[in-house]
Amino acid sequence: MKVLVLDGVEEEGLQALRREPDIEVDIPNKLTEDQLVGIIGEYDGMIVRSATKVNARVLEHATKLKVVGRAGVGVDNIDLAAATAKGVLVVNAPGGNTIAAAELTMAMMQSLARNIPQANATLRSGKWDKKSFMGVELRGKVLGVIGLGRIGSAVAKRAQGMEMRVVAYDPYITEENAAILGVKLLSLEEIFKQSDFITVHLPLTRESKYLLDEKAFETMKQGVRIINCARGGIIKESALYEAMKSGKVAGAALDVFEKEPNTDSPLFEFNNFIATPHLGASTQEAQLLVAVDVAEEIVAALKGEPVKNT
Ligand code: NAD
Ligand code: MLT
């Protein structure tokens, strides 16, 4: 059997595949969609991160494919309906990058509070400017977490360590489970009204698309700070732009965008806007863990054994 590995998935994590005498692993350089379509018919399994789009056209040519593995959480670059129609199993690696994404979220929050990226850039351009960078403390502030799953919970714990009061909105979590984390569940509207910082940690779905839109920003506290290390499109960027322009939003940090890659967002005009190029899972530890997890899932699927993360 042959497995195709794309998108720079950490090779060191692929031992489970390498140990299998019946499985051959191919790791080519970056492929165009046409090149992928040209070779996908040879493969029984494939592993991707987010760059490769496993769309209906690719799947149509995947005549032997039994399983696609996503080395990460979100499977939004894989056409699940087309895969299901072809009987191709889709597995992911949901736990390996939780801490990486939670730690980036905390770094974003601290950067927003203390203007670290802007002060660094100013100093390196030759200006010793203390006046422009008066910050705020996190202690005593209210953090609204939208989506209290793996990453949202890890963020909540870390924020409590910074003496923040954490509230959350997640319609799929019980009050009891939130209480174990020391987090109070509120309605979305109350999250908007009470929070000094708002961070989103949920998948992009029909329900969550533009969850933070013009109306949501109107409801928020004056001077709220916003973080998205989950998925582009949960926050409507044009609405965020207007809310930053009016001063309603005192700062925003995005790791993810409605369209990626994104190198010329109108949001870049604001000094209190921070951006990173989808780095949430980019730690050595997380990349090793997700590669190990997804490789094990692919082996199980190809051997016809039970898989954990479908
Ligand atoms: P998870 O499944 O553990 O948690 C998601 C939570 O969102 C769940 O508790 C669910 O009940 C909740 N939820 C779903 N729909 C909701 C809605 N409409 N309103 C409120 N809550 C809702 O997932 P996770 O591992 O915590 O990942 C969260 C997000 O972060 C995913 O979108 C994932 O793709 C993304 N992510 C991004 C990066 C990055 O590189 N920036 C890295 C890892 C994960
Ligand atoms: C994910 O959903 O796991 C992330 O987007 C991380 C990645 O880019 O691999």
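Order of appearance sets the numbers: ligands from 1, and atoms from 1 within every ligand. Sequence positions, counted from 1, serve as the residue numbers for this chain. Please read these numbers as outputs of a predicted model, since none were measured by experiment.
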Residues with a heavy atom under 4.0 Å from ligand 2, by chain and number, are Arg49, Ser50, Arg70, Ala71, Gly72, Val73, Gly74, Asn97, Arg231, His278, Ala281

Nearest heavy atom to atom 36 (N) of ligand 1: which of Ala286, Gly280, Ala230 does it belong to?
-> Ala230

Around [atom], find the nearest protein heavy atom and jot down its residue, atom name and distance.
| atom | result |
| --- | --- |
| atom 44 (C) of ligand 1 | Ile151 CD1, 3.3 Å |
| atom 20 (C) of ligand 1 | Pro171 CD, 3.4 Å |
| atom 15 (N) of ligand 1 | Tyr172 CE1, 3.5 Å |
| atom 5 (C) of ligand 1 | His201 O, 3.5 Å |
| atom 8 (C) of ligand 1 | Asp170 OD2, 3.4 Å |
| atom 17 (C) of ligand 1 | Leu202 CD1, 3.4 Å |
| atom 4 (O) of ligand 1 | Gly149 CA, 3.3 Å |
| atom 42 (C) of ligand 1 | Ala101 CB, 3.8 Å |

Heavy-atom contacts with [X] under 4.0 Å: which atoms of ligand 1 show up? List them by number with element.
| X | value |
| --- | --- |
| Cys229 | 37 (C), 38 (C), 39 (C), 41 (N) |
| His278 | 39 (C), 40 (O), 41 (N) |
| Gly74 | 34 (O) |
| Ala281 | 40 (O) |

Do you see a donor-acceptor pair shorter than 3.5 Å between the side chains of [X] and [Y]?
| X | Y | value |
| --- | --- | --- |
| Asn92 | Glu297 | no |
| His61 | Thr63 | no |
| Asp255 | Thr276 | yes |

Interatomic distance, Ile235 atom CD1 to Ile198 atom CD1 [nearest 0.5 angstrom] |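 Rounded to the nearest 0.5 Å, the CD1-CD1 separation comes to 8.5 Å.
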
Does [X] approach ligand 1 within less than 4.0 angstrom via side chain, backbone, both or neither, non-hydrogen atoms only?
| X | answer |
| --- | --- |
| Asp255 | side chain |
| Arg150 | both |
| Leu148 | backbone |
| Asn97 | side chain |

Does a side-chain N-to-carboxylate-O contact under 4.0 Å join [X] and [Y]?
| X | Y | value |
| --- | --- | --- |
| Asp34 | Arg57 | yes |
| Glu214 | Lys236 | yes |
| Arg18 | Glu11 | yes |
| Glu20 | Lys303 | yes |
| Lys221 | Asp196 | yes |

Would you check the N or O atoms of Val73, main chain and side chain alike, for any that come under 3.5 Å of an N or O of ligand 1?
->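 There is no such contact.
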
For Tyr241, which residues count as a ring-ring contact (aromatic ring centres under 6.0 Å, His included) partner, sequence neighbours excluded?
->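 With neighbours one apart ignored, the set is Phe270.
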
contact_flag Thr98 ligand 1 heavy-atom lt 4.0 Å |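 Per 4.0 Å heavy-atom rule, Thr98 does not contact ligand 1.
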
Evaluate the criterion salt bridge (charged side-chain N to carboxylate O under 4.0 Å, His left out) for residue pair Lys66 and Asp44; output intermediate values, then yes/no.
-> CA-CA 5 Å; Lys66 294 175 193 68; Asp44 303 273; 2.9 Å; yes

Would a distance-only check, ignoring hydrogens and angles, find a side-chain to backbone donor-acceptor pair under 3.5 Å from Ser125 to Thr122?
->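 Present.
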
Can you check whether Ile151's main-chain N or O pairs, donor with acceptor, with Thr98's side chain at less than 3.5 Å?
->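 The answer is no, because no donor-acceptor pair under 3.5 Å joins these two groups.
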
Is the Lys NZ or Arg CZ of Lys2 less than 6.0 Å from the centre of Tyr43's six-membered ring, within 45° of the axis?
-> yes

Go through the steps for Glu189 and Tyr169 under the test side chain to side chain donor-acceptor pair (under 3.5 Å), then give the verdict.
-> CA-CA 9 Å; Glu189 204 185 344; Tyr169 170 73; over 6 Å; no

